[in-house]
*Asks:* 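Mind having a look at this structure? Questions to follow.
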Amino acid sequence: MLISRNGKLTSHHYYTNRNVYRVHAGFNLHMEPITIFAVALAGALAILAGIFEDLESDTGSQSNPNSQVQLAPQIGHLHRYFNKAISGEPPAYGFWSATGATVAVLLQTRFLSGFGEMHSVILASIFGALVAASILSFYAIFAHISRTASMRPFKQPLQLDVILSPLPLFFAYGFLAVLCITLISFITNMVLLNPFPVPLIALLFGITLGTIGSSTGDIHYGSERLYQTFIFGSGIPISKQGDIDVKAEYGFRNSIDTPYFTSRFGGPVTGLCFGAIVFLDNWSRLFNFAGKWTPILLGIIIIILLFIINLSIEIYTRNRFNEFTKE
Amino acid sequence: MSAQPTGQPAANSGKYTTTVSLFLIAIVCSTVAIMIFKVTPHAVILSTILIWPAFASGASAVKDISSYGIGTGVASIGMLGAGVGTISAFSSIFIDIPFSALIGIIAAFVIGFVTGLCANKIIKMKIPRMELKIAIMSASAAMIATLFVSIFSNNIDMLLTDVYIVLPLIFIATALAIIHPYNGSMGAGENQPRTLKLAFAEASLTTLLFGLISLAYTDIITSIEILLVSGLGFVIFTTIFLRAINAEIYKLEWSGVV
């Protein structure tokens, strides 16, 4: 890890003492308790990061549902959703995670002498996540007010409580997601001995997490919650686009009720997906049966196993519920 | 079902500026900014101000490309430009000759132009003048990255490898600051003056973040100069942007039934 020398940064620890690939071939398990603990902890934190990421993006209708919220005023549905357009989830989460991790790495070197290794990492990650969540909030507010101003021809008003009510909620979710990502990056670098620096790992994990939140989690908001008047699974044809639900059980739908809905299934399933990726990927640190080729071979084995499981689930589903039918 | 645009047309809050003229302003300002920093590092307050037009030039190029209906490709095109720019800028610090910073910017322009040529001729995206716009975007990202890589690696006691740590942030922060102004303002009433105001607000927010990071790299006076001027710029540009919003919004209210 980085060490502080006369108040200046040095990072030669990054590039020395890195015996990542075990030289001794032959099957042996690296079952030191700390490695097993780190793999389990990284997996658990990844599940939490996935849950918080999906809820954060749903609080402000980011990514795929954003297109529907954006189209709604054009077909006459004025709404009270937060329109958080931040360039798609993967780049946005890459940015928040890289910000949090960079600030955390630089602060951790300052805290190291005072607080010890573990506490300095946790404390620095908290400050890093705070900076990242603040920048997230600024970008989100700019996006909402500017996009609403662009909806002037369709008479969409700018209501300040639509900005101020979800703001603390997505600040908090964003803070927790970035905190988890930063801690996973520190664990991957310091305990699991990944050769890349912490901010780069965080950037890659952030882009991965944003992609998963966009592909897995958004279905339960974009095509279910916003389209509850249509049959689930019927897809969103062009003719239905923008025809979203704007009224709730009472009053108007808003961006605070959405996480209440998506935290039942959309958030946890995103967490499960990201957690499984981080957890299974880290197994390459536990086993060693082919030297430096171990992670690649293990990855191929895991992919084949997952393919077989998915295939058997689909065959079971078809036998149980009959074949796909046309309307 | 579909409602016709019935509201008043948006109040025009400024004149349209072509991307090429913005780019010419940006390249003059950025060259001066980098030169000033190389001559006297304590005049970084001027360098920070002079780098903001580069963000506006990149954002305007993104607007020009994306208004041909790319939509979700806004992010992809910005990532491409910022990636070319950041890598060229970072490579240029290894070349040990005078004006090496300019070589990185020119390389980014050329590589961006070739990338645009490939997209238009081989993939046949057929977007008018896409080559030039991607080249402008890459060169703008390269200017920003060059200045901040110079600032972070200016300290004699610092190993060059220490700048590796902050490179991912320079890349992704520049990319977001370039793509977000258009992406965040998209819609029927979008206009270039407001997009550029947002670009300046986000540019100063990005330099504020870099100023915070520079506390770990440079001496305290340089960092405080960047933080002060960026904070002041952020307040001023956000006020200007909010005034533009206030003039263009259909209706502003605390709460209500829509």
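Residue numbers start from 1 in every chain, and the chains themselves are labelled A, B, ... in the order their sequence lines are given, proteins ahead of strands.
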*Asks:* Could you check whether atom CZ of A/F252 has more than 12 heavy atoms from other residues, nucleotides or ligands sitting under 6.0 Å from it?
*Replies:*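 Yes, CZ of A/F252 has more than 12 neighbouring heavy atoms, counting only those of other groups under 6.0 Å.
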*Asks:* Go through the atoms of A/H79 and report whether side chain, backbone, both or neither lie under 4.5 Å from a heavy atom of chain B.
*Replies:*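 Just its backbone gets close to chain B.
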*Asks:* Quick one: of B/A201, B/G184, B/A188, who has the most non-hydrogen atom pairs under 4.5 Å with chain A?
*Replies:*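 Option with the top pair count is B/G184.
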*Asks:* Quick one: which of A/N83, A/T102, A/N66 has the most heavy-atom pairs under 4.5 Å with chain B, could you say?
*Replies:*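 Highest number of pairs under 4.5 Å: A/T102.
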*Asks:* Side chain, backbone, both or neither: which part of B/F210 has a heavy atom under 4.5 Å from chain A?
*Replies:*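 Neither part; nothing is under 4.5 Å.
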*Asks:* Please find the pair of heavy atoms, one from B/P168 and one from A/L203, that lie closest to each other, and give the distance.
*Replies:*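 For B/P168 versus A/L203, the nearest heavy atoms are CB-CD2, 3.9 Å.
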*Asks:* Top residue by heavy-atom pair count (under 4.5 Å) with chain B, among A/S146, A/A149, A/G242, A/G206?
*Replies:*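 The residue among A/S146, A/A149, A/G242, A/G206 with the greatest pair count is A/S146.
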*Asks:* B/L212 versus chain A, heavy atoms under 4.5 Å apart: side chain, backbone, both or neither?
*Replies:*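 Just the side chain, heavy atoms under 4.5 Å.
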*Asks:* For B/Y182, is it the side chain, the backbone, both or neither that has a heavy atom under 4.5 Å from a heavy atom of chain A?
*Replies:*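 B/Y182 has no heavy atom closer than 4.5 Å to chain A.
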*Asks:* Using a 3.5 Å distance criterion without hydrogens, assess whether the side chain of A/Q159 forms a donor-acceptor pair with backbone atoms of B/G256.
*Replies:*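 Yes, because the side chain of A/Q159 sits within donor-acceptor range (under 3.5 Å) of the backbone of B/G256.
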*Asks:* Under 4.5 Å from any heavy atom of chain A, what part of B/T206 do you find: side chain, backbone, both or neither?
*Replies:*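 Just the side chain, heavy atoms under 4.5 Å.
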*Asks:* Could you measure the distance from the CD1 atom of B/I165 to the CG atom of A/L106? Nearest 0.5 Å is fine.
*Replies:*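 Spacing of CD1 (B/I165) from CG (A/L106) equals 6.5 Å.
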*Asks:* Tell me, side chain or backbone of B/L176 under 4.5 Å from chain A's heavy atoms, or both, or neither?
*Replies:*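 For B/L176, heavy atoms of backbone and side chain both lie under 4.5 Å from chain A.
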*Asks:* Looking at every non-hydrogen atom in both residues, tell me the closest pair between A/A98 and B/I172 and how far apart they are.
*Replies:*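 Answer, listing the atom of A/A98 first, then B/I172: CB-CG2, 4.0 Å.
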*Asks:* Hey, which of A/V103, A/L158, A/L78 has the most heavy atom pairs under 4.5 Å with chain B?
*Replies:*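 Max contact count across the listed options: A/L158.
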*Asks:* Quick check on B/A177 against chain A: is it the side chain, the backbone, both or neither that has a heavy atom closer than 4.5 Å?
*Replies:*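 Looking at B/A177, backbone and side chain both touch chain A.
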*Asks:* Does B/S185 offer a backbone N or O that forms a donor-acceptor pair with the side chain of A/R147 under 3.5 Å?
*Replies:*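 No, A/R147 side chain to B/S185 backbone: no donor-acceptor pair under 3.5 Å.
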*Asks:* I need the A/S97 OG to B/L169 CG distance, nearest 0.5 Å.
*Replies:*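 These two atoms lie 11.0 Å from each other.
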*Asks:* Measure A/L204 against the heavy atoms of chain B and call it side chain, backbone, both or neither at under 4.5 Å.
*Replies:*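 Neither part.
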*Asks:* Which pair of heavy atoms, one from A/S150 and one from B/M186, lies closest together, and at what distance?
*Replies:*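 Heavy-atom minimum between the residues: CB-O, 3.7 Å.
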*Asks:* Tell me, for A/V131 versus chain B, whether the close heavy atoms (under 4.5 Å) come from the side chain, the backbone, both or neither.
*Replies:*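 The side chain, not the backbone.
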*Asks:* Mind checking the CG-CD1 spacing from B/L209 to A/I135? Nearest 0.5 Å is all I need.
*Replies:*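 One finds 4.0 Å between CG of B/L209 and CD1 of A/I135.
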*Asks:* So what's closer than 4.5 Å to chain A heavy atoms on B/I213: side chain, backbone, both or neither?
*Replies:*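 Answer is both: backbone and side chain atoms of B/I213 are under 4.5 Å from chain A.
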*Asks:* At a heavy-atom separation under 4.5 Å, does B/A173 approach chain A through its side chain, its backbone, both, or neither?
*Replies:*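 Both backbone and side chain of B/A173 come within 4.5 Å of chain A.
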*Asks:* Measuring from B/L208:CG to A/F138:CZ, what's the distance to the nearest 0.5 Å?
*Replies:*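 Reported to 0.5 Å precision, the distance equals 8.5 Å.
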*Asks:* If you count heavy-atom pairs under 4.5 Å between each of A/A92, A/G251, A/A85 and chain B, which one has the most?
*Replies:*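 Looking at each option in turn, the highest pair count goes to A/A85.
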*Asks:* Rounded at 0.5 Å granularity, tell me how far CE in A/M151 sits from CD in B/E190.
*Replies:*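 It comes to 10.5 Å.
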*Asks:* Side chain, backbone, both or neither: which part of B/L198 has a heavy atom under 4.5 Å from chain A?
*Replies:*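 The side chain, not the backbone.
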*Asks:* Can you measure from CZ (A/F142) to CG (B/N183) and round to the nearest 0.5 angstrom?
*Replies:*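 Reported to 0.5 Å precision, the distance equals 14.5 Å.
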*Asks:* Using side-chain heavy atoms (C-beta onward) and a distance below 4.5 Å, is A/T148 in contact with B/Y250?
*Replies:*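 The answer is no, as the side chains (C-beta and beyond) never meet within the 4.5 Å cut-off.
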*Asks:* What are the two closest non-hydrogen atoms of A/R152 and B/A247, and how far apart are they?
*Replies:*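 Distance-wise, the nearest heavy atoms are NH1-O, 3.8 Å.
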*Asks:* Looking only at heavy atoms and a cut-off of under 4.5 Å, which of B/N246, B/I245, B/L242 has the most pairs with chain A?
*Replies:*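 Looking at each of B/N246, B/I245, B/L242 in turn, B/I245 comes out on top.
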*Asks:* For A/L200 and B/Y164, what are the C-alpha separation, side-chain angles and deciding distance, and is it a side-chain contact (heavy atoms from CB on, under 4.5 Å)?
*Replies:* CA-CA 9 Å; A/L200 187 59; B/Y164 288 148; over 6 Å; no
